[in-house]
Amino acid sequence: MGAVSLQGVSKSFGAVDVIKDVSIDINEGEFCVLIGPSGSGKSTLLRMIAGLETATDGSIHIGGRDVTELPPKDRDIAMVFQSYALYPQMTVRENMSFALRLAGRPKEEIQKKTDEAAQMLGLEKLLDRLPKELSGGQRQRVAMGRAIVRNPSVFLFDEPLSNLDAKLRSQVRGEIRDLHHRWRTTSVYVTHDQVEAMTMGEKIVVLRDGRVEQAGTPLSLYDYPDSVFVATFIGSPAINMFEAKIDETSGTLILADGSTRIPLPSGYAGHDGKNVLLGIRPEYLEVAPTAHIGFLNARVHAVETTGSDTVVICDSAVGQILVSSKSRSTHSNGEQISLSLASEKILLFDKATERRMVPTTQTT
Amino acid sequence: MTSSFSSRVAKIILYAVIVVTFVGPFWATLVTAFSGVSLKPGQLTLIPQSPTLENFRIAIFQMKVWQYLLNSTIVVIFGTILQVSVSALAAYALARKKFRGAAVVSLFILCTLMLPEEVIAIPLYLVMQKEIPILGMSIYNTYLAMILPVVGWAFSIFMLTEFMRAVPMELEEAARIDGANEWQVFVNVILPLVRPALGTVTIFGFIMIWDQYLLPLIAVNDKDLMTLPVALGSLRVDDTITPNILTAATLVAMAPSVIVYLALQRQFNRGIMAGAVKG
Ligand SMILES: Nc1ncnc2c1ncn2[C@@H]1O[C@H](COP(=O)(O)OP(=O)(O)OP(=O)(O)O)[C@@H](O)[C@H]1O
Ligand SMILES: [Mg+2]
């Protein structure tokens, strides 16, 4: 079985450096999600693990074996492509059994393994169809079946759900998770959808411009983002960010409008006068029960609700603010309100470096 | 009313001229070959009368057309198989592999399309005369001399290259991850997906080789090795052979192309159309 380890891996296409000195350790059996904006190098990194791209520098180990120079077929991996890449001229059965047939396995074994995988994915009735006779969701399943049949030591997924509609996506998401719980095969999963990352990942690696911005568990990234980039990238609705200045004499943060003050959380001594970015997630803000008792006055711009969650979008002197809650909003557009916040949930970032300032009281 | 009437008449006349121009010669050939009427050299008949198969019997057995047919068949079968195989392999390399000098190779292949065969006839003749070192013989006056020069054909190489370029890269990558080596990718993924194009280049290659005239003319001088087109040429200047027999022999020579076209027609049309859509 396979732990995956990347050490100082780089990749250049000609003069363009796409992956820059990336080191990641994925434990055996772990479900690791690579996330980042478009063009950040997620697919390239995954293809390097697969052996479809060679590393310009650094080394790649799978299951303790140095595979840096090995072709894909010797790496014991299976991959699910975004486009599924099913062989159009082969039936579902032939698609799923292709790898086993190439490996020259006995007929009965091929038959048995294909049938098992088909049953697990609910494809039994479709085995004799061609890919063009399947729906998008069914094709996606066949692509997964093709990977499962081989029982590899690592699964690689490149945005496998991006061609499915929302409902199917969350269903298949659950199925992939269940499969992983059952088999515990090391998996590397590329997505740019942070909901997928949060719900599926045991470890999330955030990529930015070919570098690892931060790696960790979903909740550690959510609660303690290292940078403004990670803070804004993870979480939906997005985190609120305000410019502010630390004023130690009054023990407050002064927002950009010059008058609004918020009590400075503890642990930030010695930064008097520093310009910072104040991050606060929408669920840690509240519409105060009566006007003018919160820290900031605002006007309701719009209310979005999914039924279970409500987001109030407000205009204020320091810009647009999102407030989310589980309870339904009674506010109407244009109404004057006041906001209060849970000050212990405030995240402060150095405005110059955009890195998070770790309070002295925090141990993590 | 009158204008539409006169334009209709004009149309009919135009169509009639076109039909007579294109179908006329073929009709004359067909009728003459099946007719027992004796004609002078250079004459053909347009009116079907006294039908007979005698002309074919004489052409095939007395004039030894069966022998030339056999020669043509040998050349065309081996020639087409080799031509399509070589084209497919060359196209795979050009379409899917990055190698030093790929552009130059393409250019050289393209150049072969630019030279008329009359220009290379004499150099080719000289090359064929050369003794091959170890074997101690030349290919001149053998089947090989008629087959080898047609094996590399730029048209089919380029046609297959374009089709192979259109096969999504991810399919090839999926196959590599599934454990396929170079050859298995080629046979299991690329070839099945360019089947329509393979059908097209097989038909075109077949007809191209079947219709070769200059090459077999200079490549062999043994009468027993002559292909049909060359033999027909020499029969034409023979005064003892009537037009009836000559046209019968011509029809025999045309038959295989028609049969192959009809047999592979489905593939052929798909190939042509797919090419048109992909531009
Ligand atoms: N074969 C290539 N040649 C040159 N540049 C490439 C090649 N493949 C990728 N790139 C570049 O590498 C960068 C990263 O590409 P990659 O496909 O890994 O991004 P990604 O994070 O997967 O983006 P997306 O979310 O859009 O799929 C891009 O800027 C892209 O233009
Ligand atoms: Mg990508």
Side-chain angles (χ1 to χ4, degrees), chain A residues 13-14 43 46-54 67 70-91 94-105 110 130-132 139 142-152 154-160, chain B residues 84 88-89 91-93 95-103 159-160 162-202 264 266-271 273-275 277-278:
Chain A
F13 291 108
S43 299
L46 193 75
R47 291 164 55 81
M48 286 166 78
I49 300 175
L52 295 172
E53 307 279 3
T54 52
V67 299
L70 294 184
K73 68 185 172 71
D74 298 330
R75 295 192 178 198
D76 197 15
I77 43 118
M79 182 156 167
V80 179
F81 291 83
Q82 181 173 4
S83 65
Y84 312 144
L86 301 178
Y87 312 118
Q89 81 281 14
M90 297 186 199
T91 63
E94 288 165 345
N95 261 285
M96 287 173 51
S97 61
F98 187 57
L100 297 177
R101 285 186 284 135
L102 285 179
R105 308 303 272 274
I110 295 175
L130 290 173
K132 66 170 184 227
R139 282 180 209 176
V142 176
M144 301 236 301
R146 194 169 62 180
I148 290 172
V149 160
R150 299 179 39 204
N151 194 19
V154 180
F155 281 128
L156 306 174
F157 301 88
D158 192 354
E159 309 207 22
Chain B
V84 173
L89 289 165
Y92 181 56
R96 289 308 177 117
K97 300 292 146 201
K98 285 197 189 115
F99 57 92
R100 208 179 280 268
M159 172 124 185
L160 289 174
E162 282 316 305
F163 272 79
M164 288 184 189
R165 283 220 173 98
V167 174
M169 204 62 196
E170 287 193 345
L171 288 181
E172 190 181 326
E173 291 172 350
R176 280 186 204 285
I177 287 180
D178 271 345
N181 59 29
E182 202 70 60
W183 181 252
Q184 288 166 325
V185 169
F186 178 67
V187 171
N188 292 305
V189 177
I190 305 286
L191 278 190
L193 294 180
V194 298
R195 236 182 67 189
L198 280 179
T200 306
V201 297
T202 304
L264 294 178
R266 254 173 55 94
Q267 309 250 343
F268 180 65
N269 286 341
R270 259 198 300 161
M273 268 183 326
V277 171
K278 277 177 195 125

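Quantities reported herein were computed from a predicted structural model and do not represent experimental measurements. Here is how names work: the chains are called A, B, and so on, in the same order as the sequence lines, proteins then strands, and each is numbered from 1.
Interatomic distance, A/Leu52 CG to B/Glu170 CD, rounded to the nearest 0.5 Å: 9.5 Å. Of the inter-residue distances, the one linking B/Asn188 atom CG with A/Gln89 atom CD reads 8.0 Å to the nearest 0.5 angstrom. Distance check, rounded to the nearest 0.5 Å: CG of B/Leu171 to CZ of A/Phe81 gives 9.0 Å. Taken to the nearest 0.5 Å, the CD atom of A/Glu53 stands 7.5 Å off from the CD atom of B/Glu173. Of the inter-residue distances, the one linking A/Arg150 atom CZ with B/Asp178 atom CG reads 5.5 Å to the nearest 0.5 angstrom.
Summarising the local packing, NZ of A/Lys132 is surrounded by 12 or fewer heavy atoms from other residues, nucleotides or ligands at distances under 6.0 Å. Residue-environment remark: CZ (B/Arg165) exceeds the threshold of 12 foreign heavy atoms within 6.0 Å.
Contact of A/Leu156 with chain B is not made at all, since no heavy-atom distance falls under 4.5 Å. Heavy atoms of B/Gln184 lying under 4.5 Å from chain A belong exclusively to its side chain. Heavy atoms of B/Leu193 lying under 4.5 Å from chain A belong exclusively to its side chain. Neither the backbone nor the side chain of A/Arg75 comes within contact range of chain B; no heavy atom of the residue lies under 4.5 Å from a heavy atom of that chain. In this structure, chain B has a heavy atom under 4.5 Å from the backbone of A/Ala78, while its side chain stays farther away.
Residues A/Arg146 and B/Ala174 share a closest heavy-atom pair of NH2-CB, 3.6 Å.
Ranked by non-hydrogen atom pairs under 4.5 Å with chain B, the options A/Ala99, A/Pro71, A/Ala50 are led by A/Ala99.
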